[in-house]
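Okay, so here's the structure we're looking at.
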Amino acid sequence: MIDKRILNELRKEQQNLTRIISDAERQLRYAPPGSLQIRKHGNGHQFYHRDNPKEKNGKYIPVAEQKKVISLIQKRYLTKIISAARKQQNILNAFLEKYEEEALEKVYEVEGTVRQSFIKPVILPDDQYINSWQSVEYRGKGFRDDAPAHYTQRHERVRSKSEMMIANALLRAKIPYRYECPLELGNHLVYPDFTTLRIRDRKQMYWEHLGIMDDPDYRNQAFQKIRLYETNGFFLGDDLILTMETNRMPLNLRIVEAIIQHYYL
């Protein structure tokens, strides 16, 4: 089961190879006929133009016609580039034509409801996997009586307007998430703001929003928490996503949506 982003990158590479071949063929239209022969001469080299493949030696190219040498060398290079690019393109085309993205999931889907009830599937279809992931029960942190009440579009309570913004953006993008689901990091129990599921490769990622970074005590605690993630194998940009803000620089929706686009879609 290949990450869908990898498949998209392979398709982009197909297009890139097509562009390379097209550009090289366009340049070759202006190349001189024939080929170049290079011979050692003293401490340097002499260049000969073989306009006819049957010619053994070719015609000597004087220094004054150095541009012809450059053109013939570039022609040889472009010809090899086209050959190599076509070879790579054929390999990609053959793979992408035969590869079926959902082949493994379909093995389970076609079994019918009776057989499915007895099967423990190796790979669930996305919708069933998401439902199973989302149905995990957990107990989050409680709220102080005097804490402000902010509610997401999913009618769950969060601690700030920024967390509400993130939760609603995840919901709109159809990114499954759990709010403040407990996580053991070594001997410490933490409550990531959002435990998320990247559907394309079914990777679980943690999103922490650091909302009072202009407060020194809060900032120190935030750095300690980040270090705790790192010492337990969770690294920024891989398993861990961070957003942060201060009073003067609040979080905005454009940043949140850009992060979702970059890491999840």
Side-chain angles (χ1 to χ4, degrees), residues 1-19 21 84-140 152-156 166-185 192-208 229 232-241 256-265:
M1 182 175 174
I2 295 180
D3 185 336
K4 291 178 182 178
R5 179 174 285 191
I6 294 175
L7 289 173
N8 288 336
E9 289 300 319
L10 291 176
R11 294 185 181 105
K12 287 181 183 177
E13 181 61 14
Q14 274 184 315
Q15 296 172 359
N16 185 48
L17 289 168
T18 299
R19 178 189 59 77
I21 292 168
R86 282 180 175 155
K87 183 177 179 180
Q88 294 295 93
Q89 197 176 53
N90 289 337
I91 292 170
L92 280 178
N93 290 344
F95 170 75
L96 289 171
E97 283 176 8
K98 293 180 180 180
Y99 185 80
E100 188 177 351
E101 290 185 41
E102 299 178 353
L104 301 183
E105 291 92 331
K106 287 180 179 177
V107 173
Y108 175 77
E109 290 176 356
V110 300
E111 283 302 294
T113 55
V114 176
R115 287 187 172 86
Q116 284 178 357
S117 65
F118 292 95
I119 292 173
K120 184 179 179 181
V122 174
I123 298 177
L124 283 171
D126 279 349
D127 57 345
Q128 293 184 40
Y129 186 88
I130 292 167
N131 288 338
S132 175
W133 187 90
Q134 198 77 75
S135 66
V136 170
E137 295 184 1
Y138 65 93
R139 178 176 292 182
T152 70
Q153 292 173 358
R154 224 163 62 171
H155 309 293
E156 62 195 342
I166 294 169
N168 291 339
L170 288 169
L171 186 65
R172 285 193 299 274
K174 298 181 180 178
I175 308 299
Y177 72 87
R178 304 174 192 143
Y179 181 70
E180 291 190 344
C181 179
L183 171 68
E184 289 188 6
L185 294 177
D193 294 329
F194 299 93
T195 302
T196 64
L197 177 66
R198 186 166 66 189
I199 298 169
R200 58 182 167 83
D201 59 356
R202 300 184 177 181
K203 181 180 178 67
Q204 190 161 282
M205 303 174 68
Y206 302 93
W207 186 329
E208 291 280 11
Y229 275 109
N232 284 276
F234 298 90
F235 296 103
L236 185 62
D238 184 10
D239 314 276
L240 179 64
I241 296 171
V256 172
E257 290 178 339
I259 289 171
I260 290 173
Q261 180 68 36
H262 179 76
Y263 285 105
Y264 294 96
L265 304 179

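These numbers come from a predicted model, not from an experiment.
Taking every heavy atom of both residues into account, Ser135 and Ser132 meet most closely at OG-O, 2.9 Å. The nearest pair of heavy atoms linking Pro192 to Cys181 is CD-O, 3.1 Å. Scanning all heavy atoms of the two residues, the minimum distance from Asp239 to Gly233 falls at OD2-O, 3.5 Å. Between Leu170 and Ile260, the shortest heavy-atom distance links the atoms N-CD1, 3.8 Å. Pro125 and Arg202 make their closest contact through C-NH2, 3.5 Å (heavy atoms, listed as atom of the first residue, atom of the second, distance). Leu7 approaches Phe95 most closely through the heavy-atom pair CD2-CE2, 4.3 Å.
You'll find the side chain of Trp133 stays beyond 4.5 Å of the side chain of Leu124, heavy atoms only. Contact check for Ile166 versus Asp193: no side-chain heavy atoms found under the 4.5 Å cut-off. Between Tyr129 and Glu105 the shortest side-chain heavy-atom distance does not fall below 4.5 Å. Residues Asn232 and Glu184 are not in side-chain contact: their nearest non-hydrogen atoms beyond the backbone lie 4.5 Å or more apart. Annotation: side chain of Leu104 is not in contact with side chain of Val122 (no heavy-atom distance under 4.5 Å). A heavy-atom distance below 4.5 Å is found between the side chains of Leu265 and Ile175.
Residues Tyr229 and Glu208 have side chains that bring a donor and an acceptor to within less than 3.5 angstrom of each other. With hydrogens and angles left out, the side-chain atoms of Gln204 and Thr195 include no donor and acceptor closer than 3.5 Å.
From Leu92, atom CG reaches atom CD of Glu13 across 6.5 Å, with rounding to the nearest 0.5 Å. Put simply, CD on Gln89 and CD on Gln15 are 10.5 Å apart, with the number rounded to the nearest 0.5 Å. With values rounded to the nearest 0.5 angstrom, Glu137 atom CD is found 11.0 Å from Arg139 atom CZ. Between the CZ atom in Phe234 and the CE atom in Met205 there is a gap of 11.5 Å [rounded to 0.5 Å]. Between atom OG1 of residue Thr196 and atom OH of residue Tyr177 there is a gap of 11.5 Å, rounded to the nearest 0.5 Å. In this structure, CG on Asn16 lies 4.5 Å from CZ on Arg19, to the nearest 0.5 angstrom.
Between Glu9 and Lys12 there is a salt bridge, since at least one side-chain N of the basic residue sits less than 4.0 Å from a carboxylate O of the acidic one.
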Do Leu183 and Tyr138 pass the side chain to side chain contact (heavy atoms under 4.5 Å, CB included) test, and can you show the C-alpha distance, the side-chain angles, and the key distance before you say yes or no? CA-CA 10 Å; Leu183 171 68; Tyr138 65 93; over 6 Å; no
Under the side chain to side chain contact (heavy atoms under 4.5 Å, CB included) rule, what do Leu197 and Arg178 come out as? Steps first, then yes or no, please. CA-CA 9 Å; Leu197 177 66; Arg178 304 174 192 143; over 6 Å; no
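Proximity of a side-chain donor or acceptor of Arg198 to a complementary backbone N or O of Tyr263 within less than 3.5 Å is detected.
For Lys87, the NZ atom is loosely surrounded, since the number of other residues' heavy atoms within 6.0 Å does not exceed 12.
Both the sub-6.0 Å distance and the 45° axial angle are not jointly satisfied by Arg154 relative to the ring of Tyr179.
Gln153 is linked by a side chain to side chain contact (heavy atoms under 4.5 Å, CB included) to Asn168, Leu171, Arg172, counting only residues two or more places apart in sequence or in another chain.
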